[in-house]
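Computed from a predicted model, the values in this text were never measured in an experiment. Values below: all heavy atoms of this structure, side chains included; hydrogens, waters and symmetry mates excluded.
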Amino acid sequence: HHIDEKQATIVADVAADCVAQLKNDWQLEQFDGLAILHSAAMLHELGLLVEYRNYHQHGAYILNQSELPGFTRAQHNLLTALISNHRGCIDMSLIAKQTLTSCQLAQHLTRILRVSVILSMRRLDEALPTIKVSGTDDTLSLQLPEGWLAARPLMKAELDSEIEEQKSAGWDLLIID
């Protein structure tokens with residue numbers, strides 16, 4: 001499968017930065033969650049090989065039907081849940097079905113991947129600004145430099161939509177700029 005490695009690496013780097021800032025708030029280093037998050041970031045566009053529309057679901061289907069040497073079935077299920085939930089409506093049943101980690105940790109990993117994909121969406125070599133990330137049980141806060149979102153209306157619209165998606169899952173996403 002051909003995946004844009006450069007874009008995948010950008011998403012993985014943003015996710016890693018979020019993890020570094022959230023590790024004390026969300027205790028993310030349990031089980032194999034961080035390795036699976038990295039794999040999900042690297043594979044999140046897999047479904048684009050089929051089509052853009054619903055590519056997250058196509059990617060999850062491809063993963064679900066594939067043998068993944070080196071991954072246990074539990075790791076495979078969490079990876080599939082993360083890929084399926086990295087955009088669009090959040091399917092809490094997939095998060096609940098995975099058995100690698102707690103539902104809460106799987107939710108946190110899902111949220112980090114979703115935000116990382118949005119923050120990396122421009123596909124440009126432009127450096128992302130310093131983003132301060134913090135979290136409590138159900139709240140994820142992103143502090144962006146003042147005026148940064150105003151200069152990026154498409155990203156602002158994506159983040160506004162993401163606030164609503166996460167709210168429908170029972171989570172709060174706060175964007176401070």
Criterion side chain to side chain contact (heavy atoms under 4.5 Å, CB included) on Phe71 and Asn77, from CA distance to verdict: CA-CA 10 Å; Phe71 286 82; Asn77 290 342; over 6 Å; no
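- A donor-acceptor pair under 3.5 Å is formed between the side chain of Asn85 and the backbone N or O of Ala81.
- Distance alone, capped at 3.5 Å, is enough to place a donor-acceptor pair between the Asp25 side chain and the Gly135 backbone.
- Nearest heavy-atom pair across Ala106 and Leu82 is O-CD2, 4.1 Å.
- In the hydrophobic cluster analysis, where Ile, Leu, Val, Met, Phe, Trp and Tyr join through side-chain heavy atoms closer than 4.5 angstrom, Tyr61 is grouped apart from Ile83.
- How far OG of Ser102 is from CG of Leu105: 5.0 Å, rounded to the nearest 0.5 Å.
- The shortest distance between side-chain heavy atoms of Ile176 and Leu144 does not fall below 4.5 Å.
- The distance from the CG atom of Asp172 to the OG atom of Ser141 is 8.5 Å, given to the nearest 0.5 Å.
- Rounding to the nearest 0.5 angstrom, the gap separating the NZ atom in Lys156 from the OG atom in Ser161 is 11.5 Å.
- The backbone N or O of Ala35 lies less than 3.5 Å from a partner atom in the side chain of Ser39, making a donor-acceptor pair.
- No continuous path of hydrophobic side-chain contacts links Met92 to Leu78 [ILVMFWY only; heavy atoms under 4.5 Å].
- In this structure, Ile90 and Ile95 have side chains that are in contact, with non-hydrogen atoms separated by less than 4.5 Å.
- Contact between Leu113 and Ala40 at its shortest, heavy atoms only, is CD2-CB, 3.8 Å.
- For Asp177 against Pro145, the heavy-atom pair with the smallest separation is CB-O, 4.0 Å.
- Between Leu174 and Leu140, every side-chain heavy-atom pair lies at or beyond the 4.5 Å cut-off.
- A heavy-atom distance below 4.5 Å is found between the side chains of Gln104 and Asp137.
- With a 4.5 Å cut-off on side-chain heavy atoms, Ile3 and Leu46 count as touching.
- Residue Gln143 qualifies as enclosed at atom CD: its count of foreign heavy atoms under 6.0 Å is above 12.
- From Leu159, atom CG reaches atom CG of Leu142 across 7.0 Å, with rounding to the nearest 0.5 Å.
- Using modelled atom types, one side-chain atom of Gln21 and one backbone atom of Ile131 make a donor-acceptor pair closer than 3.5 Å.
- Counting only heavy atoms from C-beta outward, the side chains of Leu173 and Lys167 never approach each other to under 4.5 Å.
- Panel note: side chain Ser84, backbone Thr80; no donor-acceptor pair is recorded below 3.5 Å.
- No donor-acceptor pair closer than 3.5 Å links the side chain of Gln7 to the backbone N or O of Asp4.
- A donor-acceptor pair under 3.5 Å links the side-chain atoms of His76 to the main chain of Leu63, judged by distance alone.
- Across all their heavy atoms, Ala96 and Cys103 have their closest contact at CA-SG, 3.6 Å.
- To the nearest 0.5 Å, the span separating CD on Glu158 from CZ on Arg152 amounts to 15.0 Å.
- Each of Trp171 and Val115 belongs to its own hydrophobic cluster when Ile, Leu, Val, Met, Phe, Trp and Tyr are linked at side-chain heavy-atom distances under 4.5 angstrom.
- Gln98 approaches Leu100 most closely through the heavy-atom pair OE1-N, 3.0 Å.
- Linking ILVMFWY residues whenever their side-chain heavy atoms come closer than 4.5 Å, directly or via other members, leaves Leu109 and Leu94 in distinct clusters.
- Using a 4.5 Å heavy-atom cutoff, the side chains of Glu29 and Leu34 are in contact.
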Test side chain to side chain contact (heavy atoms under 4.5 Å, CB included) on Thr110 and His86 and set out the steps. CA-CA 6 Å; Thr110 299; His86 86 269; over 6 Å; no
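- Scanning both residues, Met42 and Ala8, for their nearest heavy atoms gives O-CB, 3.5 Å.
- Ring planes of Trp26 and His108: parallel class, angle under 30° (limits at 30 and 60°).
- Put simply, the side chain of Arg114 never gets that close to the backbone of Glu162: no donor and acceptor are under 3.5 Å apart.
- Using a 4.5 Å heavy-atom threshold, the side chains of Thr136 and Thr139 count as touching.
- For the atom pair CD1 of Ile10 and CE of Met121, the computed distance is 13.5 Å after rounding to the nearest 0.5 Å.
- Side-chain atoms of Arg111 come within 3.5 Å of backbone atoms of Asp138 as a donor-acceptor pair (strictly under, hydrogens ignored).
- In this structure, the side chain of Ser168 engages the main chain of Glu165 through a donor-acceptor pair within 3.5 Å.
- Few gaps surround CD on Gln65; more than 12 heavy atoms of other groups in view lie less than 6.0 Å from it.
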